[in-house]
Every structure is written in C-alpha cells, then in structure tokens.
Amino acid sequence: MPPAADMPKAYDPSLSERKWYAYWDEHGFFGASNDPEDTRPPYVIPMPPPNITGTLHIGHACRTTFEDVLIRYHRMKGFNALWTPGTDHAGISAQVVVERQLKAEGLTRHDLGRAKFLERMWDWRRQSGDRILEQKRTLGASADWTRTKFTMDPDLSRAVREVFVRLYEEGLIYRATRLVNWDVATQTVLSDLEVLTEENVEGEMYEFAYPLEDGGELVVATTRPETMLGDTGIAIHPDDPRYTHLHGKFAKHPLVERRIPIVLDAELVDVKLGTGAVKLTPAHDFNDFASGKRHKLEEISIFTLDGKMNELTGEFRGLDRFVARKAVKKKLAELGLERGSKKHLMTLPKSERSGTVVEPIISTQWFMKMEPLAKPAIAAVENGDTVILPEDWTKTYYHWMRNIQDWCISRQLWWGHAIPAWYCENEHCTVSREDPTRCAHCDSTKLRADDDVLDTWFSSGLWPFTTLGWPDKTLDLQKFYPASDLETGYDILFFWVARMMMMGIHFLGKPPFKRVLLAGMVTDENGDKMSKVKGNVLDPLDIIHGATLEQLLEKAKKSGASEGGLKYIAKTYPEGFIAYGADALRYTLLSYSPQSRRIALSTKRIEGYRNFCNKLWNASRYALGQLDDSTVATGSRPAASLLINRWILSRLENALTTANQGLESYRLDDSSLALYHFVWNELCDWYLELTKPVLSGGSVEEVRETRAVLVHVLEAVQRALHPMIPFITEEIWQRIPKRDVAEACIVSSYPQPDQGLRDEASEREMTWLTAAITSARGLRAAKDIAPKISIRLTLEGDDDARRALLKAQSSAIATLCNASVELAHAQGDVATATAEGITVHMSLEGLLDTEKEKERVGRELAKVEKDLAVLEKKLGNESFVARAPADVVAKDRERQSELATARGKLKDALTKLAG
RNA sequence: GGGCGGAUAGCUCAGUGGCAGAGCGCCGCCUUUACACGGCGGACGUCGGGGGUUCGAUACCCUCUCCGCCUACCA
C-alpha cells in the first residue's frame, strides 16, 4: 500500500488509539519483559495501580504517563523494565465491589460479619488478579514485542504477616493505650496523616468558673465546654503570682461528684494566655493527656465511640457531643458559673475519610516505632543511595523524617489485612505467622482473633518487595530490587514513599529505589485543587475521547458536584470537550516542568499539543508522499551533500541530544520541548519547504539524496517521540518504508545522538539563507504585497562565503519568496533589509508607498541605534574590556560592527526615501 | 509559631552571571497542491519593591511585600 495514500487529511486520534489503547488504559497495561536469562541491568519502575473500579483519575493519568514514558525510553535503550501492578490499593476497590454484590443480594456487611466480608473481598481480589493476568496475556499476544510478566502475589497477606511478626519480635511493633484520633462516623482510629485541618473556623472561647473547696473560684477558658465533664485537673503556672495561694488546693466539679486538684505545670501553661489557668481533660486532648501523665491525673473518657456522651456524664448521657456542648453551657449558666465568651478563630481537625470532626479518645491500639526505622532512611538520602527529584523535596523529606512520631497502624475498618494477633481469655496477646491454637503465655486454647486491620499504608509500604515474591528468595527479587526509579506524586511522599524506604531498608538492607521522581499535583487551569464538589475535575477519558456538555454535567452530578460546580462546568466548557486524543494529553502533561508543584492543566494547552500531533501527521503525510519505491529508512544516517540535507541532519543530532539528556535527567519537559521545536520550527517550517524546489526541480541524484534524508529524519523523529506520544508515532512509523529497523518494532531502539555528526558549516549557512528569506518576506509584508504577486529581489552578501551561499540557493529563495532573484547590485527604487550580513533589496517599481517604508525603516533604525548605544557604553567601560572574558568582549565587538553597518545602510535607505 | 516553595508577556509557565523565552491569546495579510488543528508578518516585559556583591544581576546574597502548600498551636 502506498504509505500516504490512506492517511486522512487531519490526524484522527481514534484511529491509532483503538488499536493501542491498552497501553495506558485504566488498567495501566503496559509492561516490558524481564527475561530471567537476560543479564542486562534491571530497571523497575513501580507505581500504584490506578483504581480498578472507578474512572481514571487525572492524577493517575499524569503519573501513568510519566512512568510510561520512562519505561518506554529505558526499554528502547535496551534495559528491562518491569511494571508491577500493586496488589494493595485494590483493597479499597475490592471493598466497593463486595459492597455492591451484597447490595444486589439484599444484604449489608453487618449481616455477613467482618470475617466473611474479608473473605469475599479477598476472593474478588484473587479473581481480579486472574482477570488481570488473563488480559495481560491477551495484550502480550497482540503486542508481539512485549513478553509480559506481572507479579501478582495472590496472597500478599503472607508477606504482611511476616513483616508484622518480625517487627513485633524486634520490639518495633507494640500495643499501647494512648490518646488517638478517632473518627466517630466510621468508628476507626486515624493516623496523623489522615487528619485534615479546616482553617479559620469561627468558634467560641467560653469562660466559666470552677468553685474552690476553700471558697472563691478559678476561671478557665475552653472552646469545648462539654469536655469539662471529663476534667480531672486544673493547671496553673508555678510562678504565676495571681495563683500562689492555690498551690496544692482543690476545686470542686460543679456538675459531677469529683475533687479537682490544682497542679503546677510550667510546660503547658502560658501565663499570658487566657486566665492563666487551664482545665485538664486528659482523656480528650493531646496536651492535657501529656500533662495528666506528668501529674498522675485520672483519665476519664466521657464519649462513646460514636461521639455521644457516655454513662459517666450523668444527666448528659446519650446526648450527641455537640448537643451536649449547649446543654453544659446552659447548666453552667444556671449555676451562675458562666463568665463570658468571645469569638475565636481556630483550626478544626477533620477526618479525611468522613469529614467529621476528629475526637481524641483513649484507646488501645497497635503502634510502630518509627525513629529506628527513619534513621537509615534519612541516611540513604543523605549519602545519595536514593536521590529525590526535584531536589527541593529532599529538605521536606528530612524535616518530616526527623520529626517523625510513632505510627498507629491498627484500623477498625471493614477491609484490609487482618492483624495477626490473638487474645486468650486472660487477655494475653499472641502474635504469630500461623493461626495459633493455643496462647503463647498461658496455654489457653480459647483464642480470639484481633478484630482490627492494618492501615492500608502498612502493606503498601512493603510493596516494592512483596510484589516481587518476598519473603521467598525469588529471581525477581534478585533482579529487580532495588529498582531504579519510583515515579509518583509528592502528596504521598510520606504516606507511601518514606514508608517504602524504611521498610525496604529494614528488611532488605537497601533502599528500594535509586531515584524518587516526584510529579506535581494536577490542578485545574487556575491552579485550584480539583474537587468533585467544585466541578473542576477533568476526567482524562473525556479529554481523550471528547464529551458533550450534557455528558460532563451528568457525570459531575453523579459524583456529587454542587450547584456552583455545575455552573462552573457549564461556564468553563460550554461546548464540552472535543476529542484531543491520548497523545495530546500525554504531551501536555509532559510539557510541565517537574520543578513546579502544580500542573495547571488547561484545555487550551492540550489543544496546542493536539495541533502539534496534527502537524506531525501532515508533515509525515507530505514526506511519505514524496518517497519512491526504492526509498527506505535503515536507521543509519544517509550521506548528504546538499545544504538543507546536511543542515537537517545536524539539527536532528542537536534535538536528539537534548531529548536524551532530558529523559536521562527526568526533565521530560526539556525533551518534549526540544522535539516539538525541532519538528515544527525546523523540520516543517524550513526543511520541508526547502525540499519542495529540490524534489520538483533537482537532479536525479539530488532527489535521491533528499528522499533518503527525508525518510531517515521522519523515522528517527517517530522513535524519538514515541515514549511521549506512542499512538500517533506508532501509526506513522508503521507506514514508513524501512529496512533493518523494520524487523523489530518502534520500541526496539531509541535514536542516539552523535555530536561528532554536527555540521557547523551547514548550520551557519542556513542562518544566512533563512535570514535572506525572512528579510524578503518582511519586506513583502511591510509593503502589503499579496503573496501571489511575484516580486523582484536583489541580494548582497557581506563576504565571499555569503555570496556563494546566495548564489547556490537563489532558486530556493525564489521559490519560497515567490520572487525572481538577482545577485547584482540593486538599481532603481528599492526597499532594503539587512540581517546576518545579508542585504535584501526588493524592487519597488510600480509600488510607491514611501511613507510607510520611511516609518518602518525609521523604527528599525531606532532599534539598531538603541542596541548600539547600549553596546558602545558597555565596550566603552574599560573595566568591562579588561575583566570580562576575551570571547565575550570579542563577540560584543563583532556585534557592534554588525550593528554599525546595519545603521549605515538604514540611514542610506532613509536618505534615499526622503530624496 | 516553624518549614518549604513561588512572584518573568494579557493568561499558564520555562530559563539564564553576558542580546529576555515557549504555548495560548491579541493585531494585520493569505484558503499557495502536507497541514486553517495551517502559513507569513507584527505588537507586547522597569523579570514583585528596596539594598548589597560584581566590569556586568532577571539570575547570587540580604531585606520587605504579597501568594501557595505543609506542619504545629489554639486554656
């Protein structure tokens, strides 16, 4: 089939994405082989799998893209890449699925009980694992270059148990009764990282008086009056002169039968704040808890686990905590103890899961000691074993790791890995790899399993090695641990990355990866966080396939957008999205610098890269249409004698250099920009245009050479761009007639630059040629001469080299400028422009708009004179001439003389125009 | 309160101790046989303010102002 014949005039993304969509579909299906026989250096680029059940989140799309680009690049460089779907985050998906199944069966999870629920969840997980493997197999067959290997450990819990037991035995995991953050809605404990804070909530600072046993009163302030029911102390500063007489005294609780000691606490109390007296509720406040420990105060819990007042609160029993607040205030007022209140701005801790206000509650939980694990993880980054890119994040990493607190790892959730702990009737705790039959401490056989599950990040933290078969000594583990790169978002640097570092070092002695590559967070085009409620969420699938406004609104409604959110959508995308294609989205995401923390995704920008895809498509269409049967790309550089051919090959080397450097150093934006610029501004704007006169009027030999270069550049460009925009490049690449390179596939090699092949002479000469053409076009535009009117040009060069170039390229110039070209001296009435030592005169005979021309030349002269003045001042500065590097001075001198010449010519032109 | 980052064209953002950049937008002209998802030409900047280092600062240092994010604290 003639390669260009069936190519539509505009690139249709659906054309190739139908075929290759699986590359990065919601299942993230892309993987390259890890042949056990292969001894080349291993490369693993892990990432958490996208949410299997839901829609593809834009953040995932972003990470998948970065990861996919790196995998493809390394693959093309000849490294093995292993993409491993995690088996863990899917836990949440599994829960969703099982809930859905139960609903269909008319059941709730409470009917089923936790154990059965978990069982079904894991069943589903196993099935989905099989399904993934099956799909992977199918894909592997269709993409013949890919031999796939997915490590899908069907029983990850074995590894999780192993880790838990070992850490327990080492004393790094322990059980303790502490104040923890409690989510009253979902009734589970939260880790510090799961607590979000809402800023500047208007609250009330409420003051009331505690009557003293010896008469008198002590006024305290609080934002949570209801907690006074759990007060077991009042703290004052030992040096506070106002309260010296209260040392060692007691207050009397006005609502419940309780003596309240007045304690001296210099650590907690700030005499300048409030009344200088602090009520202490050790069971419901982290500071009070610490102070309570110091003074051996009683810890009295007053809440039930669902956030109501418990049996110790007397008449308030059963009230919701917020209702109780009002009731307590009312009661205090009745007793005449209220002492005023004022507005108070505060930050409220809220649960990431349920959004309710977090309640500190005393509870027995499992904890993990972090400091001994954090130290080597800090060292690994300090000594460079692991590099965090962009480097800014290193500081944040240290800051967090050095201030790390013990991690509460137990959760009271309905899904997750069970904690391998059992209790006998004597409350002895047995931790074991296998389900035990008797207590390790008292031989009791009546064992009850711990009801709790592990925090999701506990098993996620083991991900780099459990997915490779650990604790068995597998070949995968040997080959792929440690991995080269981890690509992820900075928002889970602590949740996940830091914990993988700590766990990996602890269990395998080495950090799990050599580089941690952090991408920014994808936001909307205004830089605001995407939020379903706000309606500013972009679904990558909509961007790829297009969506009408109605579809967008419907989807937003389903996911809980507010009225305002829906309005925002209607206003921002009145026509919905056109189908930009996966390549355009990928290229857009890549074009953002990884240095920036935000990726403010705008559809306009995506459209720009969609246009680039179309440009590439049409350039290829043109190029393929120019080839004949004997033209093939061989992957090796063809010989070139014509200027344009030498030049484009040289520029290709230049682009490939930048592209490779960018991919190596995780500056994908540099790579994509360099190739974008090469394709559009060099290949399309100049080279393709300049091949036209050659291909239509050149000698047989010139035509043959040009075709060979054309196909070579075209082929190399597809491979160079392939990691970034795989679909379109694959589509085009398949149509390019090839030999040698054709045997493999587009991912078989990445084009490598060879700086030795740069051709400086051709690049220099091309600047003259383009200067001549640009000048001529500028003259035409300035004179408002329609493109179809042929003009007459006279060209002059400052030196022999330039004159020779002009002579050789005169027909090319004539074609590109729609002009007749002479090389003699200009005669008669002409307009003149000079650049790069080339002077172009355009005959004005028949065109006499001298006013306009005067204006233009005047403008140009002013600019030249301004530049010259700056330069002269600089060069007139003896200090500069003496101290600046010689080449800088020489360069400026050269430029000075160029400008001076230009000024002379412009002045002449102006005189001529005036005369 | 502590930490980290940012301030560059109308917008979103790169960049550099030696001539200030990209995409989009804007203004003209053009449907020329790869492409109007295009071509050609053009306008647009006290590189947040103030000091310092330097022959030279948008870049390095100090400081101020404003804006993000994280983290505490909040009786």
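Within every chain, numbering begins at 1; the chains are lettered A, B, ... in the order of the sequence lines, protein sequences first and strands thereafter.
- Among the heavy atoms of the strands, none lies under 4.0 Å from A:Phe612.
- Within 4.0 Å of A:Arg895, counting heavy atoms only, lies at least one base atom of the nucleic acid.
- No close placement of the A:His545 and A:Phe577 rings is indicated, their centers lying 6.0 Å or farther apart.
- As rounded to the nearest Å, B:C60 and B:G1 have C1' atoms that lie 30 Å from one another.
- With P as the reference atom, B:C47 and B:G21 are 14 Å apart, rounded to whole Å.
- Rounded to whole Å, the C1' atom of B:C24 lies 36 Å from the corresponding atom of B:C61.
- A side-chain donor-acceptor contact under 3.5 Å links A:Asp231 and A:Thr281.
- Using a 4.0 Å heavy-atom cutoff across all strands shown, A:Glu689 reaches at least one base atom of the nucleic acid.
- Using a 4.0 Å heavy-atom criterion, one finds that A:Lys873 contacts no nucleic acid atom at all.
- Between A:Pro787 and A:Ser593, the residue whose closest nucleotide on RNA chain B is further toward the 5' end is A:Ser593.
- For B:G5, the paired nucleotide is B:C67, the pair qualifying as Watson-Crick or G-U wobble because both relevant distances are below 3.5 Å.
- Looking at A:Arg605, its side chain has no donor and acceptor atom pair within 3.5 Å of the base of B:C24.
- The A:Tyr592 side chain lies nearest to B:U12 when the options are B:A34, B:C74, B:U12.
- If you check every strand for non-hydrogen atoms under 4.0 Å, A:Thr774 touches sugar and phosphate atoms only.
- Residue A:Arg610 is in base contact, counting any heavy-atom pair closer than 4.0 Å across all strands shown.
- The interatomic distance linking A:Leu673 (CG) with B:C13 (P) rounds to 17 Å, in whole Å.
- Distances from the side chain of A:Asn614 to the nucleotides B:G18, B:A34, B:C35 place B:C35 closest.
- For the P atoms, the distance from B:G17 to B:C13 is 23 Å, rounded to whole Å.
- For B:A14 and B:G51, the P atoms lie 28 Å apart once the distance is rounded to whole Å.
- In this structure, the CG atom of A:Asn403 is 12 Å from the P atom of B:C4, given to the nearest Å.
- The shortest distance between the side-chain N/O atoms of A:Lys692 and the OP1/OP2 oxygens of B:U32 is not below 4.0 Å.
- The C1' atoms of B:G5 and B:A9 are separated by 23 Å, rounded to the nearest whole Å.
- Aromatic ring orientation, A:Tyr587 versus A:Tyr609: tilted (interplanar angle from 30° to 60°).
- Among the protein residues, A:Thr275 comes within range of no part of the nucleic acid, since none of its heavy atoms lies under 4.0 Å from any strand.
- Taking the ring centre of A:Tyr592 as origin, the terminal cationic atom of A:Arg605 falls inside the region bounded by 6.0 Å and 45° from the ring axis.
- In this structure, B:C44 forms no base pair with any nucleotide, since neither Watson-Crick nor G-U wobble geometry is met with both distances under 3.5 Å.
- Applying the Watson-Crick and G-U wobble criteria (two distances, each under 3.5 Å), B:C11 pairs with B:G23.
- The residue A:Lys604 sits close only to the backbone: its heavy atoms come under 4.0 Å of sugar-phosphate atoms, none of a base.
- Few gaps surround CD on A:Glu872; more than 12 heavy atoms of other groups in view lie less than 6.0 Å from it.
- In a base pair of the Watson-Crick type (N1 to N3 plus N6-O4 or O6-N4) or a G-U wobble (N1-O2 and O6-N3), with each distance short of 3.5 Å, B:C35 is matched with no nucleotide.
- Using a 4.0 Å heavy-atom criterion, one finds that A:Ser602 contacts no nucleic acid atom at all.
- Among the atoms of the strands shown, none is found under 4.0 Å from any heavy atom of A:Ala623.
- For A:Asn287 and B:A75, the shortest distance from a side-chain N or O to OP1 or OP2 is not below 4.0 Å.
- With a 6.0 Å cutoff to the six-membered ring centre and a 45° limit on the axis angle, A:Lys615 does not count as a cation-pi contact of A:Tyr676.
- Separating the CG atom of A:Leu297 from the P atom of B:A75 is a distance of 17 Å, rounded to the nearest angstrom.
- For B:G39, the OP1/OP2 oxygens have a side-chain nitrogen or oxygen of A:Lys615 closer than 4.0 Å.
- The NZ atom of A:Lys395 sits 15 Å away from the C1' atom of B:G2 (whole-angstrom rounding).
- For the C1' atoms, the distance linking B:G48 with B:A59 amounts to 15 Å, nearest Å.
- The OH-C1' distance, from A:Tyr11 to B:C35, rounds to 15 Å in whole Å.
- Using a 4.0 Å heavy-atom cutoff across all strands shown, A:Asp892 reaches no nucleic acid atom at all.
- In this entry the distance linking CE of A:Met7 with C1' of B:C37 reads 15 Å, nearest Å.
- Side-chain proximity of A:Asn611 to the nucleotides B:A14, B:G38, B:G41 is greatest for B:G38.
- When heavy atoms are screened at a 4.0 angstrom cut-off, A:Cys613 is found touching no nucleic acid atom at all.
- Residue contacts shown for A:Lys891 are absent, as no nucleic acid heavy atom lies under 4.0 Å away.
- Checking A:Asp288 against A:Ser291 by side-chain atom types alone, no donor-acceptor pair falls below 3.5 Å.
- In this entry the distance linking OH of A:Tyr210 with P of B:A75 reads 14 Å, nearest Å.
- Following rounding to the nearest Å, A:Ile236 (CD1) and B:A75 (C1') show an atom-to-atom distance of 13 Å.
- Taking the nucleotide of RNA chain B with the nearest heavy atom to each of A:Lys788 and A:Met205, the more 5' of the two is matched to A:Lys788.
- The partner of B:G18, taking Watson-Crick or G-U wobble pairs whose two distances both stay under 3.5 Å, is B:C55.
- At a threshold of 4.5 Å between non-hydrogen side-chain atoms, the residues A:Ser620 and A:Gln718 count as touching.
- In this structure, A:Trp680 reaches the B:G39 phosphate: one of its side-chain N or O atoms is under 4.0 Å from OP1 or OP2.
- A:Tyr622 and A:Thr691 share a side-chain donor-acceptor pair at under 3.5 Å.
- Annotation: B:U46 and B:A20 have their C1' atoms spaced 13 Å apart (nearest Å).
- In this structure, A:Arg667 reaches the sugar-phosphate backbone alone: every heavy-atom distance under 4.0 Å involves primed, P, OP1 or OP2 atoms, never a base.
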